[in-house]
Amino acid sequence: MRSIDPASQSVQDNYKLLIGSIVPRPIAFVTTLSGEGVLNAAPFSFFNIVTANPPMVAVSVQRKPGGVQKDTARNAVYAGEFVVHISDESYIEAINVTAANLPPEESEVELSGLTAIASERVKVPGIAEARIRMECVLEQALPLGGSDETPACDLLIGRVVHFHVADELYENGRINAEALQPVSRLAGNDYAKLGQQFTIERPI
């Protein structure tokens, strides 16, 4: 087995090991509003649950070179809210379009042809094509990594204040994963579908 000290190699080499090892990763498709009212949207695969009491999710938004915040992090901190959508096969091609590096005054939602829809509890619109979306208020935004002057990322912790779930996915309070057809991220340009499922009983 190869033994690797992360301090002995580049950030890019460590990145490749992380994204190739921690797979599959769920994809948060996040919308935010800029101070000028532009609806921003972008996908992030550094994403997971934080707690269910209250419901919270975390999205890590990597910064640009020089520690410059991406639109998603800057907008979420400014407005104090954002919407997380679960990526699935039905609109993954459009999600991929939103990964384009647009200037802040241009909307990825318009570029991708997706449909904005009003939220219930936050000002940030959601995306109508998504079959699960979570309206979030910003609980914490933590600059992490890099240095004090130029952090490497912004960890956005959002408290979910409203869920939207398509009727065909909702079964007695649970989500039908097979019907959802979620898409997850691998490394490079690769993605994965749900694949084979199996059950193992947890020990008592």
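Please read all numbers here as calculations on a predicted model, not as lab measurements. The chain is numbered in sequence order, starting from 1.
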Does the [X] side chain pair with the main chain of [Y], one donor and one acceptor, at a distance under 3.5 Å?
X: Ser21; Y: Leu18; answer: no
X: Thr51; Y: Asn53; answer: yes
X: Arg25; Y: Ile19; answer: yes
X: Glu129; Y: Thr115; answer: yes
X: Ser107; Y: Val38; answer: no
X: Glu108; Y: Ala41; answer: yes

> Should the ring pair Tyr91 and Phe29 be called parallel, tilted or perpendicular, given that the plane angle runs from 0 to 90° and is split at 30 and 60?
Replying inline: perpendicular
Other residues, nucleotides and ligands only: do more than 12 of their heavy atoms fall within 6.0 Å of [atom1] on [X]?
X: Asn172; atom1: CG; answer: no
X: Tyr15; atom1: OH; answer: no
X: Glu110; atom1: CD; answer: no
X: Glu168; atom1: CD; answer: yes
X: Leu142; atom1: CG; answer: yes
X: Glu93; atom1: CD; answer: no

Distance-minimising heavy-atom pair for [X] and [Y]:
X: Cys153; Y: Gln62; value: CB-NE2, 3.6 Å
X: Gly66; Y: Thr150; value: O-CG2, 3.4 Å
X: Ala179; Y: Leu169; value: C-CD2, 3.5 Å
X: Ile86; Y: Leu180; value: CG2-CD2, 4.1 Å
X: Ile27; Y: Pro43; value: CG2-CB, 3.9 Å
X: Ala177; Y: Leu194; value: O-CD2, 3.7 Å

Report the distance from atom [atom1] of [X] to atom [atom2] of [Y], rounding to the nearest 0.5 Å.
X: Met56; Y: Ile157; atom1: CE; atom2: CD1; result: 7.5 Å
X: Phe163; Y: Ile175; atom1: CZ; atom2: CD1; result: 8.5 Å
X: Ser34; Y: Arg74; atom1: OG; atom2: CZ; result: 8.0 Å
X: Leu156; Y: Cys136; atom1: CG; atom2: SG; result: 10.0 Å
X: His162; Y: Arg121; atom1: NE2; atom2: CZ; result: 8.0 Å

>> Walk me through whether Ile117 and His164 qualify under side chain to side chain contact (heavy atoms under 4.5 Å, CB included).
In response: CA-CA 12 Å; Ile117 186 170; His164 299 268; over 6 Å; no
Within a strict 4.5 Å, meaning less than it, do heavy atoms of the [X] and [Y] side chains meet?
X: Pro143; Y: Gln69; answer: no
X: Pro54; Y: Val160; answer: no
X: Thr32; Y: Asp71; answer: no
X: Pro151; Y: Arg63; answer: yes

With clusters defined by side-chain heavy atoms of hydrophobic residues (ILVMFWY) lying less than 4.5 Å apart, directly or transitively, does [Y] cluster with [X]?
X: Val161; Y: Ile127; answer: yes
X: Val84; Y: Val122; answer: no
X: Ile95; Y: Val57; answer: no
X: Ile92; Y: Leu111; answer: no
X: Leu33; Y: Leu102; answer: no

>> Given Thr31, which partner from the list Leu114, Val124, Asn75, Thr72 fulfils the side chain to side chain contact (heavy atoms under 4.5 Å, CB included) test?
In response: Val124
>> Side chains of Thr199 and Glu201 only: does a donor on one sit below 3.5 Å from an acceptor on the other?
In response: no
> Within 45° of the six-membered ring axis of Tyr191 and under 6.0 Å from that ring's centre, is NZ or CZ of Arg185 located there?
Replying inline: yes
>> My understanding is that only one of Glu139, Glu135, Glu81 makes a salt bridge (Lys or Arg N to Asp or Glu O under 4.0 Å) with Arg159; could you say which?
In response: Glu139
